[in-house]
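Encoded as structure tokens, the structure appears first; notes follow it.
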Amino acid sequence: MLVASKDLQKLVEQAVEELRRQGAVKGSTAPHVTRTKSEEHGDFTTNYAMVAAKAEGRRPRELAEILARELQRHPDVADVQVAGPGFVNLRLRPETWVRALEAPIAQGERFGSHAPRDEAPINVEFVSANPTGPLHVGHGRGAVVGDALVRLLRAAGHRVTAEYYWNDRGRQVRELGRSVAIRLRQILDPSLPPPADENWYRGEYVRELAREAPAGPAFAGVASGESTEARLRALAALPEDDERFVAYGRDRMQLAILATLAKLRVGFDYQESERRIAASIAEFYAELQRRGLALERDGALFLATEGKEGEDKDRVVRKSDGEWTYFATDLLYHADKLRRGFGRMINIWGADHHGYIPRMRAGLAVLGHPPQALEVLLVQMVNLLSDGQPVRMSKRSGDFVTLDELIDEVGVDATRYIFLTRRHDSQLDFDIALAKRKTLDNPVFYAQYGHARLSAILRRAEELAAGQVPEGARERLAAGLGRPGAPPIPETALSLPEEHRLARRILALPDAVLEAAEAREPHRIVYFVQEVSQAFQSYYTARWKRHDDPILPPARLSPEELAAWDWERTAARLRWIRAIRAAVRAALGIAGVEAPDRMEWSEDGDREEEG
RNA sequence: GCGCCCGUAGCACAAUGGAUAGUGCAUCGGAUUUCUAAUCCGACGGUUGCAGGUUCGAAUCCUGCCGGGCGCGCCA
């Protein structure tokens with residue numbers, strides 16, 4: 001059946017090929033088919049005639065006429081029009097669209113997903129925040145965009161590994177360990193002055209880590225038996241740079257971060273550790289040095305990145321004090337990803353890291369890898385607002401609004417949905433008050449409400465079918481609800497233009513998934529949900545407003561009126577609603593947002609509140 | 001100074017090089033005897049920052065300028 005762009009693409013290609021066989025065209029130009037933007041232009045369009053005009057030595061309109069005549073022959077094609085400078089616009093028969101609704105109904109939440117591709121898997125690395133503190137709101141956006149991208153790529157048929165890279169060694173985690181030690185001492189002696197330097201972590205969470213330290217497994221040998229007080233003393237006696245503080249702080253923060261992400265429905269297939277990667281670092285760079293790709297200068301080791309990917313200088317991998325730089329391990333890590341068999345690496349970074357991209361690409365180029373194998377999506381910053389007013393992100397030194405707090409405040413669905421309402425590279429205003437509001441200006445509410453309404457109609461139809469209904473109504477309802485053995489519903493029973501329009505829209509989801517995955521833009525799926533919800537809500541209200549033509553018969557109808565009801569039309573609409581609901585669910589599933597079957601209306605009456 | 005990103009309606013943002021540049025919010029006007037009530041319809045609103053260029057066709061690609069953001073450590 002012809003409802004996806006690739007089907008139409010094939011149809012037009014075959015038409016051009018047929019014309020070539022007949023000698024009507026030379027056929028050296030490949031046609032390209034797209035969906036139309038406007039309904040007046042039909043369902044699909046091709047600009048073939050304009051693109052090919054020069055090579056064919058014909059006028060575009062003339063070519064278009066020839067192609068149109070050929071396309072007209074397909075049974076699913078209702079009509080073909082030549083328009084404007086030479087567009088060939090193609091419209092499918094309404095029955096073709098209605099029949100195609102079987103796909104979302106049969107596939108359910110998998111609708112829109114494509115068969116696995118025979119390609120190298122894609123690695124998507126995201127969040128990768130240092131295990132030195134709780135995640136903040138900005139990390140949340142990266143997490144949701146990354147997770148939605150993983151879901152989207154999988155729907156498009158890619159094999160994908162979702163990955164987290166822990167920077168679990170180096171100065172930052174050492175400072176966290178030291179900070180725990182400092183706070184431990186302060187618990188025992190509150191008059192102790194804080195260290196003079198600014199490097200240590202002063203957040204409240206570090207105090208908490210210190211308080212809970214005596215129970216930490218890292219200290220099993222140090223702090224056993226006796227009272228908490230005694231165990232605290234034993235720990236505080238350890239030197240500030242004791243490795244056990246580092247291990248304790250790091251392990252606790254890793255667990256805390258993963259717990260926050262799990263709450264946000266974000267999970268990983270693989271977690272890589274910098275400690276593990278770094279084990280082979282000396283060997284790795286010694287080899288590069290032997291091959292002349294890394295050079296020692298002034299006691300430091302430089303990678304020969306100058307002149308690659310726009311890099312204007314060589315980059316340090318080992319400092320003169322003998323420490324390896326972040327870049328050194330990062331590069332080794334990415335080389336290792338390629339060794340693990342990934343054809344493509346997509347990294348999601350905060351926008352402030354954009355200067356790092358050429359360096360990484362240049363590094364890969366030095367190693368002889370294609371630099372394009374690394375794709376970086378930069379996620380722009382999030383402005384937290386409440387009713388349009390900026391929310392202060394920093395309460396005091398070291399503290400900020402954490403991702404945990406945000407999720408608890410507005411809920412997982414709202415958090416995810418709102419993070420997906422903008423393209424990753426544009427700044428995002430996150431209005432907390434708006435996200436909680438149950439009004440149509442809250443996009444999360446609007447989308448979920450639309451889905452709940454669809455479910456409510458089906459629920460009501462079930463009730464009807466189970467109750468007292470006239471002769472013939474029960475089996476029509478059963479057909480509409482998709483029960484086995486029910487009589488078929490003729491395609492023509494769904495007849496309104498807006499019904500056909502919405503059918504076409506939801507049937508575009510498989511194409512939308514491919515396009516969004518290709519563009520790495522999960523936010524398009526949210527737009528899809530928004531559009532479908534809007535179209536349906538409009539239809540719903542309009543049907544009801546007319547009174548004479550709701551989807552289901554109103555409860556107040558008399559037995560005579562019920563007997564005269566057009567149950568076949570109702571059945572066709574129920575089937576249509578099941579298809580819409582499947583498409584909305586599938587799309588929300590890619591966003592990782594729940595599709596509720598009913599809305600919970602708050603009792604304290606939000607509508608009384610002033611805006 | 002060099003490099004990257006961005007500039008679209010009052011605001012927030014869409015738009016594979018396609019046709020009359022869309023959607024939400026806000027504002028104003030209207031509908032509504034609920035199948036879930038908070039829904040819906042309409043109007044207003046644009047020299048796509050400016051000037052050139054490429055193209056049958058430019059918001060989109062190229063060049064220059066103007067304006068905004070960010071990055072340019074032997075930091076992480």
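Below, read A as the first sequence line, B as the second, and so on, with proteins coming before strands; counting in each chain starts at 1.
- For the pair A:K37 and B:G18, the criterion of a side-chain N or O lying under 4.0 Å from OP1 or OP2 is not met.
- Other residues, nucleotides and ligands contribute only 12 or fewer heavy atoms inside 6.0 Å of the CD atom of A:E518.
- Between A:E39 and A:R504, at least one side-chain nitrogen of the basic residue sits less than 4.0 Å from a carboxylate oxygen of the acidic one, meeting the salt-bridge criterion.
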Stepwise ring pair (Phe, Tyr, Trp, His ring centres under 6.0 Å) check, A:W324 with A:F284: CA-CA 12 Å; A:W324 296 97; A:F284 181 77; 9.2 Å; no
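- A gap of 44 Å separates the C1' atoms of B:C74 and B:A12, to the nearest Å.
- If you check every strand for non-hydrogen atoms under 4.0 Å, A:N89 touches a base.
- The residue A:V51 sits close to a base: some heavy atom pair falls under 4.0 Å.
- The CH2 atom of A:W349 sits 15 Å away from the C1' atom of B:C5 (whole-angstrom rounding).
- Atom P of nucleotide B:A14 and atom CZ of A:R422 are separated by 7 Å, given to the nearest angstrom.
- Salt-bridge formation is detected for the pair A:D168/A:R275: a Lys NZ or Arg NE/NH1/NH2 atom is positioned less than 4.0 Å from an Asp or Glu carboxylate oxygen.
- Taking the C1' atom of each, B:U27 and B:G18 are spaced 34 Å apart, rounded to whole Å.
- For A:I551, the listed nucleotide lying nearest its side chain is B:C35; candidates were B:C13, B:C56, B:C35.
- Relative to the side chain of A:Y527, the nucleotides B:U39, B:A14, B:A15 differ in distance, and B:A14 lies closest.
- Taking atom C1' in both B:C50 and B:C6, one finds a spacing of 16 Å when rounded to whole Å.
- Using a 4.0 Å cut-off between a side-chain N of Lys or Arg and a carboxylate O of Asp or Glu, A:R581 and A:D597 qualify as a salt bridge.
- Distance A:E515 CD to B:A14 C1': 14 Å, rounded to the nearest Å.
- Using a 4.0 Å heavy-atom cutoff across all strands shown, A:A519 reaches no nucleic acid atom at all.
- For A:R297 and A:F302, the positive end sits near the middle of the six-membered ring, less than 6.0 Å away and at most 45° from its axis.
- Comparing B:U48 with B:U23, their C1' atoms sit 16 Å apart, to the nearest whole Å.
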Where protein sits on nucleotides 67-76 of chain B, one letter per nucleotide: B base, S sugar-phosphate only, - none, heavy atoms under 4.0 Å: ---BS-SBSB
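- Distance from the side chain of A:Y446 is smallest for B:U39 among the nucleotides B:U39, B:A14, B:U55.
- Within 4.0 Å of A:V33, counting heavy atoms only, lies at least one base atom of the nucleic acid.
- In the interface, the side chain of A:T36 is not paired with the base of B:A19 through any donor and acceptor atom under 3.5 Å apart.
- Phosphate contact (OP1/OP2 of B:C35, side-chain N/O of A:R573, threshold under 4.0 Å): absent.
- Rounded to whole Å, the distance from CZ on A:R35 to C1' on B:A14 is 18 Å.
- For the P atoms, the distance linking B:G17 with B:U33 amounts to 48 Å, nearest Å.
- Note: A:Y539 and A:W576 have perpendicular aromatic rings, judged against thresholds of 30 and 60 degrees for the angle between ring planes.
- Taking atom OH of A:Y417 as the reference point, atom P of B:G24 lies 13 Å away to the nearest angstrom.
- Taking 4.0 angstrom as the limit, A:R453 places a side-chain polar atom (N or O) nearer than this to OP1 or OP2 of B:A37.
- Remark: A:Q534 is not in phosphate contact with B:U23, judged by side-chain N or O atoms under 4.0 Å from OP1 or OP2.
- Residue A:T541 has no polar side-chain atom (N or O) positioned under 4.0 Å from OP1 or OP2 of B:A31.
- Among residues two or more places apart in sequence or in another chain, the side-chain hydrogen bond (donor to acceptor under 3.5 Å, both in side chains) test is passed with A:T305 by none.
- The CG-P distance, from A:L378 to B:C5, rounds to 10 Å in whole Å.
- Between A:H32 and A:R460, it is A:H32 whose nearest contact on RNA chain B lies nearer the 5' terminus.
- Across all strands, A:T421 comes closer than 4.0 Å to no nucleic acid atom at all (heavy-atom distances).
- The backbone N or O of A:Y165 sits nowhere less than 3.5 Å from a side-chain atom of A:E274 that would complete a donor-acceptor pair.
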Wobble G-U and Watson-Crick pairs count when both distances are under 3.5 Å; given that, what is the 5' to 3' dot-bracket string of RNA chain B, with | for pairing to other strands? (((((((..((((....[...)))).(((((.......))))).....(((((..]....))))))))))))....
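- Going from the P atom of B:U47 to that of B:A59 covers 14 Å, rounded to whole Å.
- The side chain of A:F87 lies closest to B:G18, out of B:U20, B:U36, B:G18.
- When distances are taken from the side chain of A:R423 to each of B:G18, B:C35, B:A15, the shortest belongs to B:A15.
- Checking B:C35, B:U39, B:A14 against the side-chain heavy atoms of A:P554 singles out B:C35 as nearest.
- Comparing B:U39, B:A15, B:C35 by their closest approach to the side chain of A:Y540 singles out B:C35.
- Across the C1' atoms, B:U60 and B:A21 are found 11 Å apart, a figure rounded to whole Å.
- A distance of about 45 Å separates the C1' atoms of B:U54 and B:C41, rounded to the whole Å.
- Classification of A:R178 and A:E175 as a salt-bridged pair holds, one side-chain N sitting under 4.0 Å from a carboxylate O.
- One finds a salt bridge joining A:E323 and A:R174 here, because a Lys/Arg side-chain nitrogen approaches an Asp/Glu carboxylate oxygen to under 4.0 Å.
- Cation-pi geometry between A:R318 and A:Y285 is not satisfied (NZ or CZ under 6.0 Å from the ring centre, within 45° of the ring normal).
- Look at CG on A:L377: it is 14 Å from C1' on B:C5, rounded to the nearest Å.
- Nearest nucleotide to the A:E40 side chain, out of B:A19, B:U20, B:U36: B:U20.
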